[in-house]
Q: 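Would you mind keeping the following structure in view while I ask a few things?
Nothing here was measured: the structure is a model prediction, and the numbers come from that model.
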Amino acid sequence: MHLHHPDRALQDNLLFYIPFALFYGFGLYKMNFLLTQRRKARLGFEGEIAVGQELNQLLANGYHVFHDYPASKNNIDHVLIGPAGVFAVETKARSKPTTKKNPQGDHKVFYDGKLLKFPGWSESEPIRQAKRQAAELSVELSKAVGEPVQAQPVLAIPGWYVERTAKPDIFIVNGKGAHGLFCKLPVSLDESMIQRIVYQVEQKCRDVKPKAYREWEQH
């Protein structure tokens, strides 16, 4: 009669369960990663929509609003053109950390001129990105109209109260109140210059025809 050694049986079980456990663990990690990315994407999309709706209210005050302006690397979320100048608006949506004492979440962010200080973490890349995009838009529009155009950077953080502890070199808004901010700024562009800039931005934003138009033109 043949007897199985206990150690041998244990080894056989380990050979089966270890790969299974690794595969299962990787599956959980992958699923959690994808769910996190999906939440971030949804939060970012909803943030852009909210800010865009606020900026659209400026249409009644002589401003032109464009969304998803195609830049060299990343699209500029919103471009605002009006009496106070040209503004490149970058939106960064961030979740608010919650606690038992504060289930609604801490919604205050501090800006010290270099860092955005959220509850529990700090960021500086959104500031740099907004400035890079504004600088790129300035160069592009200046070449297009043949005169200097200075696009100003704006960072929108929807849903957060922004407290500045130093004189900012960039506009930081939470989405709401943008109407009051831009309408109070001094006039820097006349109507003729506004229309010249708007024309160039329109050409860039509307240079791709919808698929239905392309198919119709082929008939």
Q: Do the side chains of V86 and Q150 get nearer than 4.5 Å, heavy atoms only?
A: no
Q: Decide whether I197 and V79 are clustered together by the hydrophobic rule: side chain heavy atoms of Ile, Leu, Val, Met, Phe, Trp, Tyr closer than 4.5 Å, transitively.
A: yes
Q: Which atom pair, heavy atoms only, marks the closest approach of K204 to P70?
A: NZ-O, 3.0 Å
Q: What distance separates E202 CD from Y69 OH, expressed to the nearest 0.5 Å?
A: 11.5 Å
Q: Tell me whether I127 is reachable from I76 by hopping between hydrophobic residues (I, L, V, M, F, W, Y) whose side-chain heavy atoms are closer than 4.5 Å.
A: no
Q: To check you understand the geometry: which heavy-atom pair defines the closest contact between D68 and N75, and what is its length?
A: O-ND2, 3.8 Å
Q: Taking D169 first and then K131, would you say they form a salt bridge - that is, a charged N and a carboxylate O separated by under 4.0 Å?
A: yes
Q: What pair of heavy atoms forms the shortest contact from L185 to A84, and how long is it?
A: CB-CB, 3.6 Å
Q: Mind telling me whether F182 and F171 have parallel, tilted or perpendicular rings, with 30° and 60° as the class edges?
A: tilted
Q: Closer than 4.0 angstrom, basic N to acidic O: yes or no for E147 and R196?
A: yes
Q: Quick check against the 3.5 Å criterion: does D112 have a side-chain atom that pairs as donor or acceptor with the backbone of A166?
A: no
Q: Checking side-chain polar atoms at under 3.5 Å, does H67 have a donor or acceptor matched by the opposite partner on N56?
A: yes
Q: If we only count heavy atoms from C-beta on, is the Q133 to L137 side-chain gap below 4.5 Å?
A: no
Q: For the backbone of T91 and the side chain of D77, can you confirm whether one donor and one acceptor N or O come within less than 3.5 Å of each other?
A: yes
Q: So if you build clusters from Ile, Leu, Val, Met, Phe, Trp, Tyr with side-chain heavy-atom gaps below 4.5 Å, do M193 and F66 land together?
A: yes
Q: Is it true that a side-chain atom of S124 and a backbone atom of L115 form a donor plus acceptor pair closer than 3.5 Å?
A: no
Q: Looking at CG of L55 and NE2 of H64, how far apart are the two atoms once the value is rounded to the nearest 0.5 Å?
A: 14.0 Å
Q: Answer whether the closest heavy-atom distance between the side chains of V145 and Y199 falls below 4.5 Å.
A: no
Q: Using side chain to side chain contact (heavy atoms under 4.5 Å, CB included) as the criterion, list what pairs up with P83, not counting sequence neighbours.
A: Y63, V187, I194
Q: Taking atom CD of Q195 and atom CD of Q200, what is their separation to the nearest 0.5 Å?
A: 12.0 Å
Q: Would L155 end up clustered with V162 when hydrophobic side chains under 4.5 Å apart are linked, directly or stepwise?
A: yes
Q: Can you measure from CG (L116) to OG (S122) and round to the nearest 0.5 angstrom?
A: 8.5 Å
Q: Treating S142 as the side-chain partner and V149 as the backbone partner, does any N or O pair qualify as donor plus acceptor under 3.5 Å?
A: yes
Q: What distance separates Y161 OH from H107 NE2, expressed to the nearest 0.5 Å?
A: 8.5 Å
Q: Would you check if V173 and V89 make a side-chain contact, meaning some heavy-atom pair closer than 4.5 Å?
A: no
Q: Determine, for R94 against E123, whether the closest basic-nitrogen to carboxylate-oxygen distance falls under 4.0 angstrom.
A: yes
Q: Could you walk me through whether F87 and I81 pass the side chain to side chain contact (heavy atoms under 4.5 Å, CB included) check?
A: CA-CA 6 Å; F87 304 88; I81 305 167; over 6 Å; no
Q: As a test of understanding, state which of T165, I170, I157 forms a side-chain contact (heavy atoms from CB on, under 4.5 Å) with Y111.
A: I170
Q: Is the shortest heavy-atom distance from the side chain of L58 to the side chain of L80 under 4.5 Å?
A: yes
Q: Do F110 and I172 belong together in a cluster built from hydrophobic side chains that touch within less than 4.5 Å?
A: no
Q: Looking only at non-hydrogen atoms, find the nearest pair between N174 and W160 and report the distance.
A: CB-O, 2.8 Å
Q: For E125, which residues count as a salt bridge (charged side-chain N to carboxylate O under 4.0 Å, His left out) partner, sequence neighbours excluded?
A: R128, R132
